[in-house]
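Please read the structure below before turning to the comments.
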Number of protein chains: 2
Amino acid sequence: MVKSSSNILKNVSTDCVIFGFDNADIKVLLVKLAVDPGKGEWALPGSNILYDEDLDVAAKRVLCEFTGLENVYMEQLQSFGKTSRFPLFRVITIAFFALLKIEDYSLEPGPKVTETQWHSINKLPKLPFDHNEIIETARKRLKQRVRIRPIGFELLPQKFTLTQIQNLYESILNIKLDTRNFRKKLLNLKILIDTHERQKGVAHRAAKLYKFDKRKYNKLKEQGINFEL
Amino acid sequence: MVKSSSNILKNVSTDCVIFGFDNADIKVLLVKLAVDPGKGEWALPGSNILYDEDLDVAAKRVLCEFTGLENVYMEQLQSFGKTSRFPLFRVITIAFFALLKIEDYSLEPGPKVTETQWHSINKLPKLPFDHNEIIETARKRLKQRVRIRPIGFELLPQKFTLTQIQNLYESILNIKLDTRNFRKKLLNLKILIDTHERQKGVAHRAAKLYKFDKRKYNKLKEQGINFEL
DNA sequence: CATACTTATTGTAAATTATACAATATTATT
DNA sequence: AATAATATTGTATAATTTACAATAAGTATG
């Protein structure tokens, strides 16, 4: 089925901020645009919403069209609508964001994209439009989120060490944490299960591997927690 | 200056959720619509965004056009964009919300409105479109907000009693709080100043009146607090 | 094998904060 | 003087937070 252009909401788009974590940094998924406007630049996956398409459906579709990612659950971040944000005509964009495990997904640049790449959130290039601002807003949201909900299940491998999850929190909050206190507090949530396995292939004492107790994790995610660090 | 209809973004609107407090309940400002769609129904103040108008400017303009309210600082809530939300054609709305002191503002129904009225958030009529859902989302946001920022300056009269502010928190959170513990915790924030005045005209022991230390209040509002109750 | 190297793991005392709980104080009214 | 209504306050116990560094367990090296 070919969609005629009358199906497009010309003045409304969606952009996707996809966060991942590689044990050192928070990463953002960017695409190198193959077409104007913004040709040759790194940008967020984003495009127009269709006339008869719900917002979350549009975000999913656009993400897939640009990066090949499927089955990504995104939450709405907020709208960005400065009159000057898009150079050609007025476009209000509704930004979505998601957290995911980098290694669980494979990327496939779509037709409007020459390349997809994970970029460290601390070393982003200058992006077109207001995409840097959108990412900054998403980052703030993530920072806030981390204090009121458990996090990690979405970003860490299934089995992980306490050091890894501490690194995750440190990356998000951009602060150093006291290991002893962090561990006490984290273990106190009782959402971690000791797998009795250990790290392999490291040139030092191997750390214990943990996994999340999905049920308890989700319960706390709904309830909300108070995780001041 | 007459704006031609080409200045309107046909598929994008803004809706305003204005919260107030009357010492008993959280109130929402509604307007009775004078024109279709929704004629005769209570609804949120809302209308199209203009082509060359920033989102926050649009929200301010629409609020003023519908209710006469000026100088209201609104924050973006989120977008609502179900394809079915508006009966005539596709309209995505960007909702804003604000908190304000009811008695500080005077209402004046605009041309598309026959009446404006504060409605208790617990006794809302059925509103057209998805306006009930929008209010519910705003309420959740407020509930969340209260745990991470001080609140009250926007909703209470300049001088207020500790009982009033406790009522405010109880209304928002929809729970009963222990008076002794609440007061200890609140006073501990050190954002209240004892005015050494007292309530007047009550048929019982008059309560002390407090006011906010604006400087400290704003500082905590920026920093964020942890106000678990 | 002994030593160095690297990261993982753990405890404790002191301070602070949270919690549960009800008697007394102050005014206006009768 | 008694009543009615709401305001105000304290304390003991439990739980949590904070600051702080020594020891453990592997691998790598000579």
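Chain letters run A, B, ... following the sequence lines, proteins first and then strands; every chain starts at 1. Any value given below was found using the heavy atoms of this structure, including those in side chains, with hydrogens, waters and symmetry copies removed.
For DNA chain D, the residues of residues 156-180 of chain A within the heavy-atom distance limit of 4.0 Å (strictly under) are A:Asp178, A:Arg180, sorted by number. DNA chain D lies under 4.0 Å from at least one heavy atom of each of the following residues of residues 189-211 of chain A: A:Val202, A:Ala203, A:His204, A:Arg205.
Put simply, the side chain of A:Ser120 never gets that close to the backbone of A:Lys27: no donor and acceptor are under 3.5 Å apart.
Residues satisfying the salt bridge (charged side-chain N to carboxylate O under 4.0 Å, His left out) criterion with A:Lys112, sequence neighbours excluded, are absent altogether. A search for side-chain hydrogen bond (donor to acceptor under 3.5 Å, both in side chains) contacts involving A:Glu197 returns A:Lys159, not counting sequence neighbours.
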For residues 212-219 of chain A, dump all side-chain donor-acceptor pairs below 3.5 Å to protein atoms at least two apart in sequence or in another chain.
residue  : atom : partner  : partner atom : Å
A:Asp213 : OD1  : A:Arg215 : N            : 3.2
A:Asp213 : OD1  : A:Lys216 : N            : 3.3
A:Tyr217 : OH   : A:Pro150 : O            : 3.3
A:Tyr217 : OH   : A:Gly152 : N            : 3.4
A:Tyr217 : OH   : A:Phe153 : N            : 3.3
A:Tyr217 : OH   : A:Glu154 : OE1          : 2.8
A:Tyr217 : OH   : A:Glu154 : OE2          : 3.1
A:Asn218 : ND2  : A:Lys214 : O            : 3.4

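In this structure, B:Tyr169 has its ring center closer than 6.0 angstrom to the ring center of B:Phe182.
Both the sub-6.0 Å distance and the 45° axial angle are satisfied by A:Lys185 relative to the ring of A:Phe227.
Here the C1' atom of nucleotide D:dT6 and the CG atom of B:Asn23 are 15 Å apart, to the nearest Å. Between B:Arg183 atom CZ and D:dT6 atom P the separation is 13 Å, expressed in whole Å. We find that CD1 of A:Ile225 is positioned 15 Å from C1' of D:dT16, with the value rounded to whole Å. Between the CG atom of B:Leu186 and the C1' atom of D:dA7 there is a distance of 15 Å, given to the nearest Å.
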Using the 3.5 Å cut-off, write out each protein N or O paired with an N or O of nucleotides 14-18 of chain C and the distance between them.
residue : atom : partner  : partner atom : Å
C:dA18  : OP1  : B:Lys185 : NZ           : 3.1

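For B:Asn71, the CG atom counts as loosely surrounded, since its 6.0 Å shell holds 12 or fewer non-hydrogen atoms of other residues, nucleotides or ligands. In the displayed structure, B:Arg147 atom CZ is contacted under 6.0 Å by at most 12 heavy atoms of other residues, nucleotides or ligands. A 6.0 Å sphere centred on NZ of B:Lys211 holds no more than 12 heavy atoms belonging to other residues, nucleotides or ligands.
For the residue pair B:Thr93 / B:Asp15, a side-chain donor-acceptor distance below 3.5 Å is found, with atom types taken as modelled.
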